[in-house]
Novice: 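Just dropping this structure here.
The shown structure was predicted, so the numbers you read here are calculated from the model rather than taken from an experiment.
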Amino acid sequence: MIIESMNRIKFYYSSSSNAVVNPLTGGLKFLSTTLFNSLLALAFFLVAGHFASPSFVGKVAIIQLIETITASFFSVLPFQLVTREVAHYYASSQDYTKIVYTSLSFSLLVSPFLLFLLFFPSYLWLSIPYFLLYLYTSYQSQLLFGLGKFTEANIGNVIFTLARWGFPIIAVFYHSIELLILIWTLGALVKAIYYQRFLPFKLYIDRQIFRDTVKIGFSIYISGIVNFISSQGDRVVTAFLLGSYELGIYQLVALAAVVPSMLIYSFSNSLIPSSTYYYVKGRDIREMSSMTFRVASLVSLPMAILGYAVSPFFVSKLFPQYVSGIESMQLLVLFLTATMPLQLLSTFMIAAKVSYRPFIIIGSVSALEVISLSYLLIPRLGILGAAVAQVVNALLASALYLIFSSKQNVFPLGKRETFTLVLIILSFLSLLNWLAALVLVLLGFRLLGVISTSEVKLVEGLTPQPLRRLIRVLHIFVIKSSTH
């Protein structure tokens, strides 16, 4: 019985003191720092929107674009696989120091390749030290995730968030992108020093670990490159066809639109090590993926619909210079947030380690779609065309994750999962009437029995005591069941 299995999982969660085994506690920590990052970023862009031109915001967007290039192209040891392997070593009580040494040393040894930025505008080659630290701290973060050091990882995130969106407000008033780069670099340095307190370091690469990780993770690495194209291709084409001014407008509304989906996806930072840990211990990954998908949908769908509804007020009241991006923001916030539970299935595919080849297929299809559709639609629709390209990408990638996770026997496609998929589709009715869509979705969760009371009690039991009253609200949307 699934209920008996969940009771066993609850026993394991509550009987161990290690942070790895409770994904909800770890996820809430990542949720809080992601929310803090979003609020501080909102404050930064509020100031930038009033005291700087969209061209300044466009330069910030280009620096963030190079961040993503650095993380995608130079992570030959894929981040998710590093987290997975460290968690596996840890769960198996094996020595993990060599994979720590190898990951951190590799991130330093690839730094000369960043010199390609010398051929670009001066503010980009001034950013080279920042991009080096960005890559190094990214590996540090993944290692801490795998070891279950969620608190330490999130303290570092808070430090960097202050340096990324708090102090750089000074640079906005001076209209100085160089000052912003300096502040970001110092923040990344402080973060790296703090993280290193909790990790061993030796300039050493274990050849066997390096070869195995590169070989096994090659599919994930390639998919990371093509995922960069699919996730950032709309911005690249926008910058190429429309210039930095339109890019600045699109970047701001796009950043605001992804906040709800980022909050949900922040749980993946704890899901990969936690699901790996319990998979090694013999837990059924199908049960874990199914419950995660359904509970995440209960949270994400109302967020998607309400985000669609408030977007016009958000932009017109706070960013009047950016009202031309309202439609783009509405589309992005609705579809990216509603499909996020399907994107989370990728974490269980990584944990199960059946085959990583589907990641190449998904990434390649997504990249081809985004680039081709962006080139087709942006000249006709402007930045709305870029948003449409991303919406189609979200739907396409989500469908592929569903197909491959089901084929790999990582995710069950039973009655309750099917009902959840129907509710995701119903949320898209917001394009016609968001209030009607919200009512249909909430009634659907209540009447279709997507989530049982026993599952909500399990979530409640894993939640820290101060937040349990909030979790009890979920009982409104579920039915009592002894058969699920």
Side-chain angles (χ1 to χ4, degrees), residues 20 66-118 127-149 152-153 156-157 160 185 188-228 269 272-273 276-277 280 347 350-351 353 355-357 359-360 363:
V20 171
I66 301 299
E67 279 181 7
T68 311
I69 291 175
T70 301
S72 300
F73 285 80
F74 295 158
S75 57
V76 178
L77 302 177
F79 295 133
Q80 303 101 313
L81 190 57
V82 168
T83 300
R84 194 262 179 206
E85 292 303 300
V86 171
H88 186 277
Y89 275 58
Y90 190 70
S92 306
S93 300
Q94 300 180 54
D95 182 21
Y96 55 80
T97 54
K98 287 185 178 179
I99 192 169
V100 175
Y101 295 157
T102 301
S103 302
L104 296 181
S105 299
F106 168 77
S107 69
L108 294 177
L109 294 176
V110 298
S111 57
F113 291 101
L114 288 169
L115 296 177
F116 80 93
L117 292 171
L118 292 174
S127 305
I128 290 176
Y130 167 70
F131 295 129
L132 169 61
L133 289 167
Y134 182 82
L135 182 64
Y136 186 77
T137 55
S138 294
Y139 275 108
Q140 287 179 311
S141 299
Q142 298 300 321
L143 292 166
L144 292 175
F145 298 166
L147 295 173
K149 296 183 181 295
E152 293 81 356
N157 287 337
F160 185 59
T185 303
L189 178 61
V190 173
K191 180 182 180 181
I193 293 172
Y194 173 75
Y195 277 166
Q196 204 58 56
R197 296 175 56 202
F198 308 103
L199 294 168
F201 179 78
K202 181 180 179 181
L203 193 60
Y204 167 78
I205 291 182
D206 185 284
R207 294 182 180 180
Q208 187 63 44
I209 289 177
F210 182 82
R211 281 197 300 266
D212 290 347
T213 306
V214 170
K215 181 180 179 180
I216 296 171
F218 181 73
S219 297
I220 298 178
Y221 170 67
I222 296 299
S223 71
I225 294 176
V226 292
N227 280 333
F228 157 75
N269 291 322
I272 291 179
T276 300
Y277 186 93
V280 171
T347 63
I350 291 172
K353 205 177 180 180
S355 172
Y356 294 148
R357 290 182 180 178
F359 288 96
I360 295 181

Novice: Taking C-beta and beyond as the side chain, do Ile69 and Phe131 meet within less than 4.5 Å on heavy atoms?
Specialist: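 Not touching, per the 4.5 Å side-chain cut-off.
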Novice: Quick check for you: to the nearest 0.5 Å, what is the distance between Leu147 atom CG and Tyr90 atom OH?
Specialist: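 Between atom CG of Leu147 and atom OH of Tyr90 there are 7.0 Å.
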Novice: Go through it in stages, so that I can follow the logic: the residues are Tyr194 and Glu152, the test is side chain to side chain contact (heavy atoms under 4.5 Å, CB included), and I'd like the CA-CA distance, side-chain angles, deciding distance and then a yes or no.
Specialist: CA-CA 9 Å; Tyr194 173 75; Glu152 293 81 356; 4.3 Å; yes
Novice: Judged by atom type as modelled, is there a donor-acceptor pair below 3.5 Å linking the side chain of Thr83 to the main-chain atoms of Gln142?
Specialist: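 Yes, because the side chain of Thr83 sits within donor-acceptor range (under 3.5 Å) of the backbone of Gln142.
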Novice: When rounded to the nearest 0.5 angstrom, what is the spacing between CZ in Arg207 and CG in Asp212?
Specialist: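 Those atoms lie 14.0 Å apart.
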Novice: Just by distance, do the side chain of Ser105 and the backbone of Thr102 share a donor-acceptor pair under 3.5 Å?
Specialist: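 Here the side-chain-to-backbone pair does not exist.
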Novice: Just by distance, no angles: are the side chains of Gln196 and Tyr136 close enough, under 3.5 Å, to form a donor-acceptor pair?
Specialist: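 Present: a donor and an acceptor within the cut-off.
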Novice: Roughly how far, to the nearest 0.5 Å, is CG of Leu199 from OG1 of Thr97?
Specialist: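 If we round to the nearest 0.5 Å, Thr97:OG1 and Leu199:CG are 11.5 Å apart.
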Novice: Pick one: which of Val190, Ile128, Leu189 meets side chain to side chain contact (heavy atoms under 4.5 Å, CB included) with Leu133?
Specialist: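 When side chain to side chain contact (heavy atoms under 4.5 Å, CB included) is applied between Leu133 and each of Val190, Ile128, Leu189, only Leu189 qualifies.
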Novice: Would you indicate whether Phe218, at its atom CZ, is surrounded by more than 12 heavy atoms from other residues, nucleotides or ligands within a distance under 6.0 Å?
Specialist: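 Incorrect, the count does not exceed 12.
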Novice: Please tell me if the side chains of Ile216 and Lys353 come closer than 4.5 Å, counting only heavy atoms from C-beta onward.
Specialist: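 Yes, close enough: below the 4.5 Å cut-off.
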Novice: Are the side chains of Leu108 and Phe201 in contact, using a 4.5 Å heavy-atom criterion?
Specialist: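 Yes, side chains in contact.
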Novice: In Å, rounded to the nearest 0.5 Å, how long is the span from CD of Glu85 to CG of Leu77?
Specialist: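 It is 11.0 Å, given to the nearest 0.5 Å.
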Novice: Measure from the side-chain N and O atoms of Tyr356 to the backbone N and O of Tyr221, and report whether any donor-acceptor pair falls under 3.5 Å.
Specialist: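 It does not hold such a pair.
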Novice: Do Phe73 and Ile225 come close enough that some side-chain heavy atom pair is under 4.5 Å?
Specialist: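 They are in side-chain contact.
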Novice: I need the Lys98 NZ to Ile209 CD1 distance, nearest 0.5 Å.
Specialist: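 Reported value, rounded in 0.5 Å steps: 6.5 Å.
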Novice: Under a 4.5 Å cut-off applied to non-hydrogen side-chain atoms, are Val76 and Val110 in contact?
Specialist: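 Side chain of Val76 against side chain of Val110, heavy atoms only: no contact under 4.5 Å found.
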Novice: Any chance you could measure Ser141, atom OG, to Lys149, atom NZ, to the nearest 0.5 Å?
Specialist: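 Between Ser141 OG and Lys149 NZ, I get 14.0 Å after rounding to 0.5 Å.
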Novice: Counting only heavy atoms not in Phe116, do more than 12 fall under 6.0 Å of its CZ?
Specialist: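 Result for CZ/Phe116: enclosed.
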Novice: Taking the side chain as everything from C-beta on, heavy atoms only, tell me whether Gln140 gets closer than 4.5 Å to Phe198.
Specialist: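 Side chain of Gln140 against side chain of Phe198, heavy atoms only: no contact under 4.5 Å found.
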Novice: Taking the six-membered ring of Tyr204 as reference, does the NZ or CZ atom of Lys202 fall below 6.0 Å from its centre and within a 45° cone about the axis?
Specialist: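 Yes; both conditions hold, so Lys202 lies above the ring face of Tyr204.
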Novice: Which heavy-atom pair separates Ala351 from Arg84 by the least distance, and what is that distance?
Specialist: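 Result for this residue pair: O-NH2, 3.2 Å.
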Novice: Search all heavy atoms of Ser111 against all heavy atoms of Leu132 and return the closest pair with its distance.
Specialist: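 Heavy atoms of Ser111 and Leu132 come nearest at CB-CD1, 3.4 Å.
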Novice: Please name the pair of heavy atoms, one in Val100 and one in Pro200, separated by the smallest distance, quoted to 0.1 Å.
Specialist: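 Closest approach of Val100 to Pro200, heavy atoms only: CG1-O, 3.4 Å.
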Novice: Go through it in stages, so that I can follow the logic: the residues are Asn157 and Lys191, the test is side chain to side chain contact (heavy atoms under 4.5 Å, CB included), and I'd like the CA-CA distance, side-chain angles, deciding distance and then a yes or no.
Specialist: CA-CA 8 Å; Asn157 287 337; Lys191 180 182 180 181; 3.5 Å; yes
Novice: Regarding Glu67 and Tyr130, is there a side-chain donor-to-acceptor distance under 3.5 Å anywhere?
Specialist: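 A donor-acceptor contact under 3.5 Å links the two side chains.
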Novice: Answer yes or no: is there a donor N or O on one side and an acceptor on the other, between the side chain of Thr213 and the main chain of Phe210, under 3.5 Å?
Specialist: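 No: the side chain of Thr213 does not pair with the backbone of Phe210.
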Novice: Shortest non-hydrogen contact from Val86 to Gly146?
Specialist: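 Scanning both residues, the minimum pair turns out to be CG1-C, 3.9 Å.
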Novice: Show the nearest heavy-atom pair for residues Ser107 and Leu135, with the distance to one decimal.
Specialist: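 Between these two residues, the closest heavy atoms are O-CD2, 3.8 Å.
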Novice: Grab the two heavy atoms, one from Ser219 and one from Ile360, that are nearest each other, plus how far apart they are.
Specialist: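 Smallest interatomic distance, heavy atoms only, reads O-CG1, 3.3 Å.
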Novice: Should Tyr101 and Ile205 count as side-chain neighbours, where that means a heavy-atom distance under 4.5 Å?
Specialist: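 No, their side chains stay 4.5 Å or more apart.
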Novice: Below 6.0 angstrom between ring centroids: does that apply to Tyr139 and Phe79?
Specialist: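 Yes, close enough.
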Novice: Thr70 vs Leu114, test: side chain to side chain contact (heavy atoms under 4.5 Å, CB included). Steps then yes/no.
Specialist: CA-CA 8 Å; Thr70 301; Leu114 288 169; 3.9 Å; yes
